[in-house]
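Every heavy atom of this structure was used, including side-chain atoms; hydrogens, water molecules and symmetry mates were not. Ligands are counted one by one from 1 in listed order, and the atoms in each one are counted from 1 as well.
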Amino acid sequence: MKTQVAIIGGGPSGLLLAQLLHSRGIDSVVLERKTKDYVLGRIRAGVLEQGLVRLMEEAGCAERLHAEGIAHDGTLVSYGDEMFRVNFTEHTGTPVIVYGQTEVTRDLYEAREKAGGKIEFNVESVVIHDADSDAPHLTYAVDGEARRLDCDFVAGCDGFHGVSRQAIPLDVRREYEKVYPFGWLGILSETPPVNHELIYANSPRGFALCSMRNENLSRYYIQCSLSDKPEDWTDEAFWQELKRRIPPDQADKLVTGPSIEKSIAPLRSFVTEPMRWGRLFLCGDAAHIVPPTGAKGLNTAASDVHYLYNGLREHYENASSEGLDAYSEKALARVWKAERFSWWFSSLMHRYPDQSEFDLKMQVAELEFLRANKAAQQAMAENYVGLPY
Ligand code: RFL
Ligand code: PHB
C-alpha cells in the first residue's frame, strides 16, 4: 500500500491531522493499535481552547461541538474554605469550551468514515523504516498478516507509549522529565455538576477538581497516592473525600450517584527534542506530556497538528519545505510554555509528600496574590485559554 502521509495512532492528534489533510486533498492512512470502541472508551480531556475549536471547524467537524459544547467564561479556584474566580473573557476576550475528548474523537472518526478515509485498527508491531531517507516505509501486522505502507512522510501520533519517539536515534534525541509523587483518581457520574464552572481546589487533604461534560454528566478528580488502585475506592469513599476537599457550601450542594467510570492517572511532565527526525514528525503525547492541571494536553497536541498540517500543505501545494523545516522549533516553543503553565498550576494546587511548613505558606501566599492581583489573573487566563499559535 502507498500513501502520502502515514499516520501512526488513531487518537485525536492522528485523526485531526488526517481530516485536515483530507480537506486539502492530501492522502493519508491511519494505523491504530486498538479498536475504535477502545479508543472511544478512554475518558480524558474535557476543556478545549479556541485554537482546537478552529481546527475542528477547518476540518469540517465542528457542528456537534458548536451545538453541544459549553462556553466557560472563567474558572473557580479554592483553598481551604475560600474561593475566587478567574475571569477568562474579561482578561482575554475568549472563553474555553467544555466538550469531551471522547466526543472530539467520535466526531473525527465519523468524518473520516464519511470521507472514506483509510484507518487500520488492531495493527501490531509497527516499525518505521528509513525515516531519514526520501522514501520511508512502515511495516506492521494485522491478524498475524504482515503488511507494508510506503509514504512520503510519517506522522508519529501514537501517544506516550507509542513506537514513533523510539525511532529517533538516542544520539539525536534528548528527553526532559518530571514525575510527580501522586496521581489523579477520576470518576464520571450521571449527576448534575456541582457548579456551572470548574472548581480547582487546594485543600490540606490534597487537590480536587470538579469538572463536567454536560448538565447531567459530571467529572470529578481527587489527588491520590500512586499506590492506590481504582478498586480501593468505593464510590461512597470517593464522594466523602471530595466533599472534604471543596468549600463547605459547594460540598453541601454536591449531588452524588454511582460512578460510570473510575480510573487513576499518574502525573508527569515530559518533553522530547527534537520533534522531527528526517521525514518522521512527532505530534501530541508522542512528544510531550503535561500533568492535567490546566487542561493543556489535548490542546497542545492540537497546536502540533496545526504546525504539521500547515508544513505538509506548503510542501504539497507550494513545493516549499519551510514549514516542515521550522516544525520542531515552532511546536516546541509553544510546548514549553504549556509545560511551564501546567507545572506551575500543579505545584500551586497539590499537596507534596516532602512539603515543608514554609512551602505551604508559599502556596497560600501565591493563591492570595492570584486572588487579589489582576495582572496575575490575566497571566493565568491567557495561559488557560491558550497562548497564540
Ligand atoms: P493519544 O490520545 O494517546 O492517542 C494515541 C493513539 O495511538 C495509539 N497507539 C498506536 N497505534 C499504532 N501503533 C502503535 N505502536 C501505537 N501506540 C499507541 C493509541 O492506542 C492511541 O489511540 O495521543 P494524542 O492523539 O496525541 O492525544 C493526546 C491527548 O489524548 C492527551 O494529551 C489528553 O487526553 C490529556 N488530557 C487533557 N488534555 C487537555 O487538553 N485538556 C484536558 O482537560 C485534559 N484532561 C488529560 C486529561 C489526560 C488524562 N489522562 C488520563 C492522561 C485528563 C486525564 C485524566
Ligand atoms: C476534565 O474535565 O477531565 C478536566 C478538566 C480540566 C482539567 C483536567 C481535566 O484541568
Side-chain angles (χ1 to χ4, degrees), residues 6-18 30-36 38-49 51-52 70 72 75 96-102 104-105 108-109 119-128 138 140-142 155-167 183-188 193 197-200 207 209-214 217-221 261-268 270 282-305 335 338 341-342 345-346 349 384 386:
I7 301 176
I8 309 175
S13 303
L15 295 170
L16 180 58
L17 179 65
V30 174
L31 303 183
E32 167 55 48
R33 184 166 59 179
K34 304 283 189 183
T35 63
K36 178 174 147 189
Y38 182 94
V39 175
L40 292 176
R42 289 191 291 230
I43 308 295
R44 289 184 167 181
V47 177
L48 314 187
E49 297 174 358
L52 173 47
I70 313 165
H72 280 206
T75 194
V96 289
I97 305 298
V98 169
Y99 188 73
Q101 175 170 334
T102 310
V104 170
T105 312
L108 287 166
Y109 269 125
I119 305 177
E120 293 236 51
F121 292 101
N122 293 315
V123 305
E124 290 165 46
S125 316
V126 175
V127 179
I128 304 168
L138 306 182
Y140 58 100
V142 179
C157 302
D158 49 352
F160 184 64
H161 300 287
V163 295
S164 301
R165 186 175 64 251
Q166 318 295 340
W184 279 19
L185 168 65
I187 70 161
L188 196 62
E197 289 183 340
L198 272 63
I199 305 174
Y200 287 89
F207 171 77
L209 170 61
C210 305
S211 183
M212 67 197 72
R213 293 293 177 270
N214 59 47
L217 192 56
S218 295
R219 181 73 167 153
Y220 295 104
Y221 297 95
E261 194 265 358
K262 195 185 282 164
S263 51
I264 292 183
L267 268 69
R268 186 193 301 272
F270 174 88
L282 303 181
C283 239
D285 280 15
H288 42 75
I289 296 285
V290 288
T293 334
K296 288 288 146 252
L298 174 61
N299 291 303
T300 310
S303 58
D304 293 350
V305 169
V335 163
F341 176 66
S342 308
F345 200 24
S346 298
M349 300 306 291
Y384 198 97

> Where's the contact between Val98 and ligand 2, heavy-atom distance under 4.0 Å: side chain, backbone, both or neither?
Replying inline: neither
> For Met212 and ligand 2, does the shortest N/O to N/O distance drop below 3.5 Å?
Replying inline: no
> Does Lys34 reach ligand 1 with a nitrogen or oxygen that is under 3.5 Å from one of the ligand's nitrogen or oxygen atoms?
Replying inline: no
> Below 4.0 Å from any atom of ligand 1, is there a heavy atom belonging to Glu49?
Replying inline: no
>> Tell me whether ligand 2 is touched by Arg44 - counting only heavy atoms on the residue side and a distance under 4.0 Å.
In response: yes
> Relative to each other, are the rings of Tyr200 and Tyr384 parallel, tilted or perpendicular (30° and 60° limits)?
Replying inline: perpendicular
> Under the criterion side chain to side chain contact (heavy atoms under 4.5 Å, CB included), which of Cys157, Cys283, Ser13 is the partner of Ile7?
Replying inline: Cys157
> What do you reckon, does Gly46 have a nitrogen or oxygen under 3.5 Å from a nitrogen or oxygen of ligand 1?
Replying inline: yes
> Counting each atom of ligand 1 from 1 as listed, which ones have a heavy atom of Gly162 under 4.0 Å away?
Replying inline: 17 (N)
> Less than 3.5 Å between some nitrogen or oxygen of Arg219 and one of ligand 1, yes or no?
Replying inline: no
> Of all the atoms in ligand 1, which lie at a distance below 4.0 Å from a heavy atom belonging to Asn299?
Replying inline: 40 (O)
>> Within ligand 1, which atoms have a heavy atom of Val126 less than 4.0 Å away?
In response: 13 (N)
>> Looking at non-hydrogen atoms alone, which of Gly10, Gly100, Gly284, Pro12 comes nearest to atom 27 (O) of ligand 1?
In response: Pro12
>> Tell me the nearest of Glu120, Arg33, Arg44, Glu32 to atom 2 (O) of ligand 1, using heavy-atom distances.
In response: Arg44
> Do any N/O atoms on Tyr221 end up under 3.5 angstrom from N/O atoms on ligand 2?
Replying inline: yes
> With backbone taken as N, CA, C and O and side chain as the heavy atoms from C-beta onward, which portion of Arg213 lies under 4.0 Å from ligand 2: side chain, backbone, both, or neither?
Replying inline: side chain
> Do any N/O atoms on Gly294 end up under 3.5 angstrom from N/O atoms on ligand 2?
Replying inline: yes
> Does any N or O atom in Ser13 lie less than 3.5 angstrom from one in ligand 1, N or O only?
Replying inline: yes
> Any N or O of Arg42 that comes nearer than 3.5 Å to an N or O of ligand 1?
Replying inline: yes
>> Heavy atoms only, cut-off 4.0 Å: how does Leu31 contact ligand 1, side chain, backbone, both, or neither?
In response: backbone
>> With heavy-atom distances below 4.0 Å as the criterion, list the atoms of ligand 1 near Val47.
In response: 41 (N), 43 (O)
> Can an N or O of Ala265 be found at a distance shorter than 3.5 Å from an N or O of ligand 1?
Replying inline: no
> Is Leu298 in polar range of ligand 1, meaning some N or O pair under 3.5 Å apart?
Replying inline: yes
> With a cut-off of 4.0 Å, which atoms of ligand 2 are near a heavy atom of Leu198?
Replying inline: 5 (C), 6 (C)
> Which protein non-hydrogen atom lies closest to atom 8 (C) of ligand 2, naming both residue and atom, and how far is it?
Replying inline: Pro292 O, 3.4 Å
> Can an N or O of Val47 be found at a distance shorter than 3.5 Å from an N or O of ligand 2?
Replying inline: no
> Looking only at heavy atoms of Cys157, does any of them come nearer than 4.0 Å to an atom of ligand 1?
Replying inline: yes
> Given Asp158, Val96, Val98, which one has a non-hydrogen atom that is nearest to atom 9 (N) of ligand 1?
Replying inline: Asp158
>> Looking at Ser164, is its backbone amide N or carbonyl O close enough to the side chain of Asp158 to form a donor-acceptor pair, meaning the two atoms are under 3.5 Å apart?
In response: yes
>> Using a plain distance cutoff, I'd like to know if Thr293 has any nitrogen or oxygen under 3.5 Å from a nitrogen or oxygen of ligand 2.
In response: no
>> Within the 4.0 Å heavy-atom shell around Tyr221, which atoms of ligand 1 are there?
In response: 53 (C), 55 (C)
> Taking the minimum heavy-atom distance to atom 42 (C) of ligand 1, which of Gly11, Ala45, Cys283 ranks first?
Replying inline: Ala45
> Judging by distance only, is a nitrogen or oxygen of Val39 under 3.5 angstrom from one on ligand 1?
Replying inline: no
> Using heavy atoms and a threshold below 4.0 Å, how should the contact between Ile43 and ligand 2 be classified: side chain, backbone, both, or neither?
Replying inline: neither
>> So does Gly284 get a backbone contact from the side chain of Asp304, meaning a donor-acceptor N/O pair under 3.5 Å?
In response: yes
> For atom 6 (C) of ligand 2, which candidate among Tyr99, Trp184, Tyr200 holds the nearest heavy atom?
Replying inline: Tyr200
>> On a heavy-atom basis, I'd like to know which of Ser211, Ala45, Gly100 is closest to atom 2 (O) of ligand 2.
In response: Ser211
